[in-house]
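Below is one structure, written out as structure tokens; the observations come after it.
Quick note on labels: first sequence line is chain A, next is B, and so on, each numbered from 1.
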Amino acid sequence: MTDLLRVRDLSTRFFTEEGQINAVENVSFTVEAGSVLGVVGESGSGKSVTGLSLIDLVESPGKITSGEIWYNNADLAERVEGDRPEAVDGDFVDLRRLSEAERRSLRGSAFSMIFQDPMSSFNPSITVGEQIAEAAEVQRRASANPRSTRSRTQGYGLGQMLLDGVLPNRSYTSEESWDRAVELLERVGIPDPAERAEEYPHQFSGGMLQRAMIAQALAGDPDLLVADEPTTALDVTIQAQILDLLADLQETMEMSVVLITHNLGVIARVADRVSVMYAGEVVERGTLRDVFDDPVHPYTKGLLGSVPDIDQPGERLEPIAGNVPDLVDANMPDRCYFADRCPKAMTDCLTRPPEYEVSDGHRARCVLAEREYSEADAVPDERFARATDDGTAANDGSTAADGSIASDAEVSDD
Amino acid sequence: MALGRFLLKRGIQGVLVVWGVVTAVFLLRFITPGDPVTFVAPLDASAELRAQIAADLGLDQPLYVQYVDYIVGLLQGDMGYSYLRGTEASTIVLARVPATVELAVAATVVAIVIAIPLGVISATRRREPADYGATLFSLVGISTPNFWLGIMLILVLSVQLDIFPTSRRPIGLFETFAFLVTVENGLAAPMDVGAFLDGLWTWLWHIALPAVTLGTYFTALVTRLTRSGMIEELGQPYVRAARAKGLPESLIQYKHALQNTLIPIVTVLGLQLGTLIGGAVITEAVFSWPGLGTLVIDSINVRDWPLIQGSLIVIGTGFVLINIFVDALYAYLNPRVVH
């Protein structure tokens, strides 16, 4: 299978008043063409920011600070090669080295994104059909003149935009794009699409609106759909329908999907490959089978252990102790980020672990990929507790530079 | 249709409000000191003459009779006769309406034309010089009392620099347009375009300073509202979704975010327009603008009740009509209201 996207050492930081927040740190993963990558993690693990980074939608005060995003597109590579050979490698183009206008022009056509809450992701005062038609129209105009980034608003001035806000007959979209919108609504299984297209978002149910958002994302026939918690805001029965729809569309339209969720059930249902994120890092990645049947990282094990098993009704669920660190740069310890919560923390864990290869394509950011757990090397819990009370006391011999582990957040958690 | 029903409901409510206004205005006379007869009768009038005047004015009737008579009169467009001038109150009051409406609308136009673009620029260029400039302008605008501003504008622009006239309204907009539809001997005469342009120019000339004076606070207010509204809308998830589907930023700002920003602003505009109609008293006084505001003040000074009542009823009715219009506009802009 060919790769569609190769992400290398991607870091996204937020520069806030509390300090620098490392939302995504040196994340690497690969999205194969026509497959589903599941990105799973707790709230605050950086999975949504990873998704936004892929389509360059990180908003201020956030910023992608380093990394490469190689996108496989021969046409684009050919077009870019003349101006910027360094951004091209074979058929791959590094999106980070493109101009902002070029990156923008890929939104909707190469990459699309759907979001958690469909109700707030549609403009409440414009009909659903019009909003989908806009997405189709922008691609129609762009494809008429792929080199110009201005063609998307050609013949559509400020005055018309202002009037469009107020008048019922809108002038941006065309008959053609409206027909496309109706066709897309039908494709995602909305009954009476021609009539529903005339309705406003508040006249739709949550599930129907999520279908409409998927239709909108498909308007430009994207290679990659980033789905950020697409089912979280929906009823359980509707969730399954939406997942089936996504899986069906992914297959028939031969696109790739990055499915971001905290729900392991969702991942198990549709993903081909899985990346597990914790504190801004990918801690384990591999095929669905690798990660679910043979997890290496104690965090992955912990996640899987906190899901009820229908075959073991009497068994107690095991929560992972503690909380996700707050990701403020100054508070991040210079050791494995999970060590404080890890039941198998060893002295090895007091340095930052690299990504170890467990088997072909299965990687984990944990020493347990290399060696067995041994009681002799275990780090007692008090060690971390003491470290938070007095940062310097914890340093005896192991690592030189973790004087900063004492953090207000950690202390107040205790 | 849903919008029709919505308007019918608002219309009925409006009629009730106007009735309430009429009743309150009618009763106002009875709780205010000062017998109108004193103002109408000569100083040396005999008791008989005074009784005669009271009877002529209908003031000797029981309250409910006077009330019913007043309502019946109003329904026929009769507001009584001005105590002092002796002419029909309705004629005097209605003659003042165009000046007031012109001033209020001109002030609103000034506000819209300046404030909305300024607010949008301010919101889309946050923490840039343009934003600081706009913010400073709105702070100053909101804090400037308009009687002072009016006097300063007259002193600087009229007296010192002699650019604008100091006061008065020599011609109304309606009379100006009348040059275009002149009728002679029952036949349409050729349009007098020259006179029309002259009239329009004179009108603009005279209304400029009062409109700016009256509109400054309003402009500042709407600038702030537009700025904060745009900032809020641009942070909404639908804006991010619009970016994700590849829409150009200008389309997102003007078509998507601005429309939703305007929904609450339309309400403020409407309410404020209503206030301007009744509350331009100070500006009208500073510029000797012959509107309802000056009429109310003049009439109160001489207890000319038919004029006071007539003006207040016209102002109240105008307020109600504007609100119905604004509600309709709001419903139109915001589909969630009707559906």
- Note on the structure: In terms of heavy-atom contacts, B/Arg240 and A/Leu57 come closest through O-CD1, 3.9 Å

- Item | Top contributor to chain A interface from B/Ala242, B/Ala257, B/Ala244 [non-hydrogen pairs under 4.5 Å] | B/Ala244

- Message: With side-chain contact (heavy atoms from CB on, under 4.5 Å) as the criterion, how do B/Lys255 and A/Asn123 come out once you've worked through the C-alpha distance, each side chain's angles and the decisive distance to 0.1 Å?
- Response: CA-CA 10 Å; B/Lys255 180 170 170 184; A/Asn123 185 332; over 6 Å; no

- Message: Please classify the contact of A/Leu106 with chain B as side chain, backbone, both or neither, using a heavy-atom distance under 4.5 Å.
- Response: neither

- Message: Report which part of A/Ala135 has an atom under 4.5 Å of a heavy atom belonging to chain B: side chain, backbone, both, or neither.
- Response: both

- Message: Which residues pass the ring pair (Phe, Tyr, Trp, His ring centres under 6.0 Å) test with B/Trp205, not counting sequence neighbours?
- Response: B/Phe164, B/Trp201

- Note on the structure: Rounding to 0.5 Å, atoms CZ (A/Arg107) and CG (B/Leu247) come to a distance of 10.5 Å

- Query: Which distance, rounded to the nearest 0.5 Å, do you find between the OG of A/Ser60 and the CZ of B/Arg127?
  - Reply: 7.5 Å

- With a 4.5 Å limit on heavy-atom distance, are the side chains of A/Gln131 and B/Lys245 in contact? yes

- Which atom names give the shortest non-hydrogen contact between A/Ser121 and B/Ala241, and what distance separates them? O-CB, 3.3 Å

- Please check if atom CD in B/Gln236 has more than 12 non-hydrogen atoms from other residues, nucleotides or ligands closer than 6.0 Å. yes

- Query: Tell me, do B/Arg243 and A/Met113 make a side-chain contact under 4.5 Å, heavy atoms counted?
  - Reply: no

- Tell me, do B/Asn260 and A/Pro124 make a side-chain contact under 4.5 Å, heavy atoms counted? yes

- Query: Is the closest side-chain heavy-atom distance between B/Glu249 and A/Arg104 below 4.5 Å?
  - Reply: yes

- Message: Does any backbone or side-chain atom of A/Phe122 lie under 4.5 Å from a heavy atom of chain B? Answer side chain, backbone, both or neither.
- Response: backbone

